[in-house]
Structures are given as C-alpha cells and as structure tokens.
Amino acid sequence: MSDTTMLALFDEIDPAANAIEKLHEMGVGHERISVISGVPINPAMLGRPHPWTNVSRLAMGGAIGGFLFGLFLNWGTPNLYSVYVGGQALTPIPPGLILLFEMTMLFALLATFLGVFLESYFPNYRPLEYVPQISDGKIGVFFQVPQEDQGKFVDVLSQIGAESVEPHEARPL
Amino acid sequence: MAVSSEYLPAAGGTQAEHHEGEHNPRELLMFDPLPRGVMNDMVMESMHTTSWRFWLVLGILVFLVATCMIYAWGYMIAEGLYVAGVMRPAFWGVFLVNTVFWIGISHAGTFISAILRVMKAEFRRPFTRAAELMTTFGLIQAGASIFMHLGRVWLSYWMLPIPNERQLWPNFHSPLMWDLLAITTYVLGSTMYLFLPLIPDLAMARDRSTGWRKSFYRILALGFRGTEGEWRHLSTAMNIFAFAIIPVMFSVHTIVSWDFAMAMRPGWSSTVFGPYFVLGALHSGMGAVAVVLFIMRYTMKHMDYFIRKEHFDALGKLMLIVSFAYAYFFFNDYIVQWYGGDAATDNLLHWLEEGPMAWMFIQMVGFNIILPFLTLWNKRLRQTPWLLAIIGLLINVGMYWERYIIIPVMLTINRMPFTWRLYEPRVEVFLTIGTFATFLLFYMIASRLIPLIPVWEVQEGQMTHSLRKVGKAHVPTISEFE
C-alpha cells in the first residue's frame with residue numbers, strides 16, 4: 001500500500017482551513033500535510049502549528065561572532081601592527097566602540113541572510129511540489145494519503161470548496 | 001500577458017456610488033483590491049513594455065555613462081588628479097560632495113522600508129521596493145565617488161585589514177576607516193534587505209516567464225514556493241533586518257558627518273552635525289522618492305493603479321515633517337556658530353551670506369526649508385504628483401548645494417586667508433554627470449528586470465483591510481494577521 005501526494009487548491013483561507021480540519025478528522029496528521037501560498041498566512045488561521053525557525057538564533061550567533069571579531073580588530077591587531085598616531089593611545093575605547101558596533105551589525109545581518117538560505121534549503125533547483133497558480137493567490141494544500149483512498153479525499157475536499165483535488169508529482173519549477 | 005480591461009480601474013473609479021464630498025475608500029489602494037493574478041499581470045506587463053522613448057533615454061544614458069563615467073574616470077586615472085579642480089585649500093571637492101549626496105539619497109529606501117515597516121504604516125506597501133532600489137544604486141554611486149576621490153584607486157585595498165609584508169595596518173581610530181566599515185555594512189545590509197522581500201516576486205515572475213527570463217528568475221528565485229516554513233523564515237529575517245538596519249542607517253550618515261565634525265575647522269566643528277546630516281539625508285532621500293514615484297507612475301504601464309495620490313499625500317507629509325526637523329538642526333547649528341564669536345567662523349558666515357557663493361546658500365535655505373513650509377501643508381498640493389516631484393527635485397538641488405557649501409566652500413574659507421581660493425571643479429563635472437547617468441541607467445534596467453511593485457505585500461495589505469459598517473457609514477478597518 002503506497003502513499004500518493006495529492007494537491008487541493010483553494011481560492012480562500014476559510015475553505016482551506018476547513019479542508020485541513022477535515023483531513024485531520026479523516027486521519028491525516030499535520031506531518032503529512034503541507035500548505036503553500038502566494039502570501040504569508042498565519043498558520044493559526046489554518047489550524048496549523050507554527051513552523052520552527054532558527055533564523056533569530058543564527059542572527060544572534062552572527063552578532064556575537066561580529067562582536068568578537070570587532071574586539072579582535074580593535075584591541076588585538078593594534079598590538080600586532082602598532083601604529084602610533086599623534087600621541088593617541090594604541091587601543092582607546094571610545095573610537096573602538098564604533099568598529100565594534102559596525103562589525104556586530106554586519107555579522108548579524110549576514111547571519112540572518114544566510115539563515116534564510118540554510119533554513120529554507122535555498123537555493124533548491126530540484127523538482128519540487130508546486131503549481132504556478134500559487135503565485136496567483138491560490139492556496140495549495142498538499143497531503144499524503146494511501147493510493148486507494150484518493151477518490152474519497154477528492155469527493156470530500158471538493159464538497160468543502162476545493163477548486164481542484166488531484167494527485168501531484170514534483171516537477172522542475 | 002495583457003490585462004483584461006474589465007479589471008482595470010476606470011477613471012473616477014466607483015465615485016458614482018458615493019455622495020459628493022464623501023470620502024470614497026476605493027480611492028485607496030488597500031480598499032480597491034484586484035485578483036492577485038491580475039495584479040501579477042499588470043506588474044509583468046509594466047516590466048515587458050518598452051516604447052521608443054525608453055530606448056532613446058536608455059541610449060542617451062549609455063552614451064553618458066561611456067563618456068562621462070568610464071572615459072572621464074579613465075582619463076583622470078591616466079593623467080592623475082591634477083585634471084580635477086582639487087588643490088589647496090580645497091583638497092576635498094565634488095567627489096566627496098557626491099559621496100555625501102548619494103549616501104543621503106540611499107537613506108530614503110531604508111527609512112521607507114524599515115521604519116515604516118516597523119511602524120506598520122500601510123501606505124508604504126507599493127513603493128518600498130522602488131525606495132530600496134534607490135538605496136542600493138545610490139550607495140554604488142557613493143562608493144564609486146569615494147574611489148574617484150582616492151585617485152590611485154588600485155591601491156584602495158590598503159584600507160583593508162590584511163596582514164602584509166608592508167606592515168601597513170589601518171588606523172581604526174580614523175573617521176575615514178569608520179566610513180569604510182559603516183558604508184560596507186550599509187551596502188551589504190541594504191542589498192540583502194532588498195533581496196529578501198524580492199524572492200516571492202521573483203518566484204511570481206518565474207511562473208509567468210519564458211525563455212531567458214524564465215532561467216534568470218528561476219536562478220534568482222532560489223526555488224521559493226511559498227511553504228509555511230519559507231514564509232516564516234523570510235518574515236523573521238525581514239523583521240530582524242527592519243530593526244537592525246535602522247541603527248546602521250543612522251550610523252552611516254553620522255559617521256560621514258564626523259569626517260567633518262572631528263576637525264577643528266570653521267563651520268565643521270559641530271556637535272549636532274550627526275543628526276543634522278541624518279535629517280539632511282532623509283530630506284533628500286524623501287524628495288528623490290517623490291521624483292522616482294512620479295516618473296514610475298507616468299512612464300510605466302499600470303503604475304497608476306499601484307501608486308496613487310494617497311501615496312504622494314503621505315510622502316508629502318513625511319517630507320514636511322523631515323523639513324521641520326531639518327530646519328531645527330540647521331538653525332541649531334547656525335545660531336551656535338553665529339553666537340560663537342570666532343573670527344574665522346564669522347568670516348565664513350558673512351561669506352556665505354554676501355560672498356560669491358551666496359546664491360548657493362540662499363537656494364539651500366529656500367529649497368530645503370522655505371519651499372516645503374510654503375507648499376506641503378496643503379493637501380491639494382501634496383496630492384498633485386508633478387508638483388510634489390518638482391518640490392522633491394528642488395529639495396535635492398538644495399541638499400546638493402548644502403553638501404557643496406560644507407565641503408569645498410568651508411575648506412576654502414579657513415583660518416589662513418592667504419590660502420583662500422575658490423574651488424573650480426573640472427573633470428568632476430563630467431564624473432558627476434556620470435554618477436547621475438549610471439544611477440538612472442541602473443534604475444531603468446532594473447525597472448524592466450525586477451518587479452518594482454512588491455505584489456505579495458500589496459495583496460497581503462489588501463487582505464487585512466476591509467470596510468466595516470458602523471451606523472450608516474462604512475468605516476475603513478485594518479485587521480492584524482500576524
């Protein structure tokens with residue numbers, strides 16, 4: 001008994017949320033459902049759990065890394081390559097704070113940007129489950145069900161308001 | 001690709017449904033939704049439509065970039081900096097005026113996109129990208145202007161902290177090094193901040209393109225589909241960027257101001273130069289956004305749906321507020337110097353008011369302070385796009401003169417009158433034209449390659465806006481979806 005991936009397309013959030021609820025009632029768990037949309041939709045509206053993200057942790061890690069790098073540039077390297085200017089201290093604190101701030105922010109921003117790539121598995125040019133109607137505002141609900149139950153799910157979701165319900169295979173974007 | 005006429009907003013919209021004098025909510029973009037597919041088509045059509053005028057302007061810009069940027073810069077590199085007008089006492093000339101000017105222009109993108117996003121100002125939605133593009137392209141011109149100023153540009157890597165056998169090490173206590181670090185952070189940060197919200201629109205363009213454009217958008221969209229996880233990561237990152245880029249933006253122009261304020265020169269040594277420069281940057285940036293929005297609305301197809309009078313109105317209010325703040329800091333800086341009693345500073349102020357550059361000083365005050373005060377309080381004037389664009393343009397003229405006064409003029413009128421000599425730009429004039437032409441060329445090419453309207457953000461905004469019936473009236477209401 002093999003599973004097949006089905007795609008139900010919806011115009012509005014309400015029928016999509018009802019469909020997901022119905023899928024749960026029919027024994028399809030959260031882990032076997034995924035939703036794609038052309039605009040961000042709060043998962044709570046669809047009765048879905050909030051996806052976990054590590055982007056903010058990565059950003060914090062980047063900030064700490066940048067801070068440490070700033071410390072090294074400011075108070076480490078001047079001792080390696082001493083440049084005495086006009087009787088100034090070699091490692092003064094007030095001008096050092098500027099470099100510290102810039103390095104902290106730069107590394108935090110870079111880590112945030114790279115975090116999106118890491119967390120979303122970007123870039124990904126392999127065949128994926130997707131239909132172009134998504135960027136036209138449709139909401140796509142993908143779910144995995146046993147092959148022999150396909151017809152039952154098509155009937156139920158069509159009644160709820162799905163524009164189309166059909167088996168779907170990954171394809172190049 | 002052509003958009004069906006049944007969806008296009010008719011002139012006058014649904015005015016007939018409303019009584020005369022009653023505000024029609026459908027004049028506002030957020031209360032006048034179209035199907036997402038139609039908005040996608042409109043944006044794609046605007047990117048694909050070019051007239052002979054577009055190619056003519058593009059050709060002129062390519063010619064100007066080739067001659068005024070590439071040839072003139074090459075000539076200066078080959079001949080040396082003596083072909084420029086910089087010499088004693090003004091060793092900092094138009095190149096640095098351009099640097100400060102372009103960094104100022106770049107502040108608009110961050111302000112509109114980040115601050116208004118943080119404050120959840122809904123009117124920002126259709127033109128955040130147009131402003132963000134100005135940031136990236138403006139910073140490229142600022143960077144190019146610094147390299148021009150360096151003269152021996154091939155040695156610019158000496159500013160990088162690379163261990164080397166020459167035992168050269170950057171002095172991190174120097175404001176010029178702070179510049180390098182702050183501008184680098186800002187260029188990278190603002191480019192990443194431009195790209196992140198662009199990914200869903202690149203995916204939209206990928207889905208609606210063929211040929212080389214399909215491959216181009218497919219690569220840039222990175223495989224984005226719009227899964228729950230992708231949206232979550234993206235929105236988290238955009239929130240972090242929106243908050244983090246604001247202090248970076250403030251730091252950049254403050255540090256630029258310190259290039260001057262750290263020196264004990266008449267006119268420069270000022271403790272309010274930091275916020276004064278930041279406000280000046282926002283002032284010129286806002287004005288430039290007004291010009292860009294006007295050009296977009298009247299030259300690109302369907303842009304009159306996305307960019308409406310309400311947006312010019314909101315922008316006009318922002319320009320007026322920024323103008324108030326700018327006037328405050330200008331006067332604060334001016335009056336303290338005026339009262340200071342320092343002879344050299346007195347000389348400088350008299351020279352600005354009565355000397356050969358007085359016209360520049362008068363235009364600066366007139367365009368940056370008096371003109372916005374006289375016009376932008378009026379809603380009818382604010383809602384007249386061509387007028388707001390002209391005001392924006394004049395503000396930028398005023399802001400350019402302000403930077404010119406601060407740099408070569410204040411270097412000229414110094415504590416050693418025997419060195420006074422008016423600075424006369426030479427090859428700098430061509431290179432200035434070159435930076436403007438390069439900025440416009442990049443912008444025109446970008447307008448046909450990437451969606452200038454963030455369609456998903458517009459649709460998201462339209463989904464959260466609705467009209468609620470209260471008594472006999474329909475009241476605009478905004479829901480919180482996040």
Side-chain angles (χ1 to χ4, degrees), chain A residues 13 34-43 45-46 48 50-53 55-56 59 73-74 77-78 80-83 85 88 92 95-96 98-99 101-103 105-106 108-110 112-113 115-117 119-126 128-130 132-138 140 172-173, chain B residues 35-37 40 161 163 167-175 177-178 181-182 184-185 188-189 192-193 195-196 199-200 203-204 206-208 218-219 221-237 239-241 244-245 247-248 251 255 455-457 459-460 463 481-482:
Chain A
I13 294 176
S34 62
V35 179
I36 59 175
S37 56
V39 285
I41 296 174
N42 189 332
M45 293 179 192
L46 296 172
R48 300 270 299 154
H50 269 274
W52 180 259
T53 181
V55 170
S56 49
L73 280 183
N74 252 326
T77 60
L80 296 173
Y81 304 93
S82 306
V83 183
V85 181
Q88 290 178 4
I98 295 162
L99 187 145
F101 169 78
E102 296 297 342
M103 288 297 105
M105 299 310 284
L106 176 62
L109 293 176
L110 283 170
T112 306
F113 187 71
V116 175
F117 278 62
E119 291 280 274
S120 305
Y121 302 103
F122 288 157
N124 185 355
Y125 301 120
R126 288 171 302 169
L128 294 166
E129 288 161 350
Y130 182 72
Q133 290 97 307
I134 298 301
S135 61
D136 276 348
K138 305 277 188 230
L173 298 182
Chain B
R36 170 68 181 272
N40 287 341
Q167 294 292 296
L168 279 174
W169 195 248
N171 178 10
F172 293 118
H173 316 158
S174 160
M177 272 310 292
W178 304 340
L181 296 168
T184 305
T185 303
L188 291 173
M192 291 185 284
Y193 188 47
F195 184 69
L196 285 179
I199 295 172
M204 177 276 287
R206 171 198 65 200
D207 295 344
R208 312 177 85 82
R218 187 170 168 267
I219 291 167
L222 305 168
F224 181 87
R225 292 179 296 155
T227 64
E228 295 159 300
E230 286 170 350
W231 282 119
R232 173 100 164 102
H233 307 316
L234 206 56
S235 63
T236 304
N239 276 336
I240 293 171
F241 264 88
I245 203 90
V248 172
S251 78
I255 286 171
V455 190
W456 69 268
E457 286 197 72
Q459 193 202 355
E460 185 190 30
M463 284 168 66
F481 272 21
E482 286 177 20

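This is a predicted model, so every value here is computed, not measured. Letters A, B, ... are given to chains in the order of the sequence lines, protein chains preceding strands, and every chain is numbered from 1.
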Under 4.5 Å heavy-atom distance to chain A, tell me which part of [X] shows up: side chain, backbone, both or neither.
| X | value |
| --- | --- |
| Leu188(B) | side chain |
| Trp169(B) | both |
| Pro161(B) | side chain |
| Pro175(B) | neither |
| Thr227(B) | both |
| Arg218(B) | both |

Going by atom types only, do Ser251(B) and Glu102(A) share a side-chain donor-acceptor pair under 3.5 Å? yes

Chain B: which of [options] shares the most heavy-atom pairs with it under 4.5 Å?
| options | answer |
| --- | --- |
| Val35(A), Val39(A), Ile36(A) | Val39(A) |
| Pro92(A), Pro172(A), Ala59(A) | Pro92(A) |
| Val116(A), Thr112(A), Ile134(A) | Thr112(A) |
| Pro132(A), Pro40(A), Gly140(A) | Pro40(A) |

Which value, rounded to the nearest 0.5 Å, describes the distance between [X] atom [atom1] and [Y] atom [atom2]?
| X | Y | atom1 | atom2 | result |
| --- | --- | --- | --- | --- |
| Tyr193(B) | Phe113(A) | OH | CZ | 13.5 Å |
| Leu73(A) | Met177(B) | CG | CE | 8.5 Å |
| Phe117(A) | Ile199(B) | CZ | CD1 | 5.5 Å |
| Trp52(A) | Arg232(B) | CH2 | CZ | 8.5 Å |
| Leu109(A) | Phe241(B) | CG | CZ | 4.5 Å |
| Ser135(A) | Phe224(B) | OG | CZ | 10.0 Å |

Compare all side-chain heavy atoms of Met105(A) with those of Ile245(B) and state whether any distance is below 4.5 angstrom.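 The answer is no, as the side chains (C-beta and beyond) never meet within the 4.5 Å cut-off.
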
Could you check whether any side-chain heavy atom of Thr77(A) comes within less than 4.5 Å of a side-chain heavy atom of Phe172(B), counting everything from C-beta outward?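 In contact.
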
Keeping the roles fixed (side chain from Tyr125(A), backbone from Ile219(B)), state whether a donor-acceptor pair exists under 3.5 Å. yes

Set out, in order, the CA-CA distance, both residues' side-chain angles and the distance that settles side chain to side chain contact (heavy atoms under 4.5 Å, CB included) for Asn124(A) and Leu222(B), then state yes or no. CA-CA 6 Å; Asn124(A) 185 355; Leu222(B) 305 168; over 6 Å; no

Which residue out of Glu228(B), Glu230(B), Met204(B), Gln459(B) racks up the most heavy-atom pairs below 4.5 Å with chain A?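 Looking at each of Glu228(B), Glu230(B), Met204(B), Gln459(B) in turn, Glu228(B) comes out on top.
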
Just give me the residue among Ile255(B), Asp207(B), Ile240(B) that pairs up with chain A most often, heavy atom to heavy atom, under 4.5 Å. Asp207(B)

For [X] and [Y], which heavy atoms make the closest approach, and how far apart are they?
| X | Y | answer |
| --- | --- | --- |
| Ser120(A) | His233(B) | OG-CD2, 3.3 Å |
| Ser37(A) | Trp231(B) | O-NE1, 3.0 Å |
| Trp456(B) | Gly38(A) | CB-O, 3.6 Å |

Take Glu119(A) and Thr236(B) through the side chain to side chain contact (heavy atoms under 4.5 Å, CB included) test and state the conclusion after the steps. CA-CA 11 Å; Glu119(A) 291 280 274; Thr236(B) 304; over 6 Å; no

Quick check with a 6.0 Å cut-off and a 45 degree axis cone: is Arg225(B) positioned over the face of Phe122(A)'s six-membered ring?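 Verdict for Phe122(A): no cation-pi partner in Arg225(B).
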
Give, as side chain, backbone, both or neither, the part of Gln133(A) having an atom under 4.5 angstrom from any heavy atom of chain B.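 Nothing of Gln133(A), per the 4.5 Å heavy-atom cut-off to chain B.
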
Part of Leu173(A) within contact of chain B (heavy atom distance under 4.5 Å):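 Looking at Leu173(A), backbone and side chain both touch chain B.
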
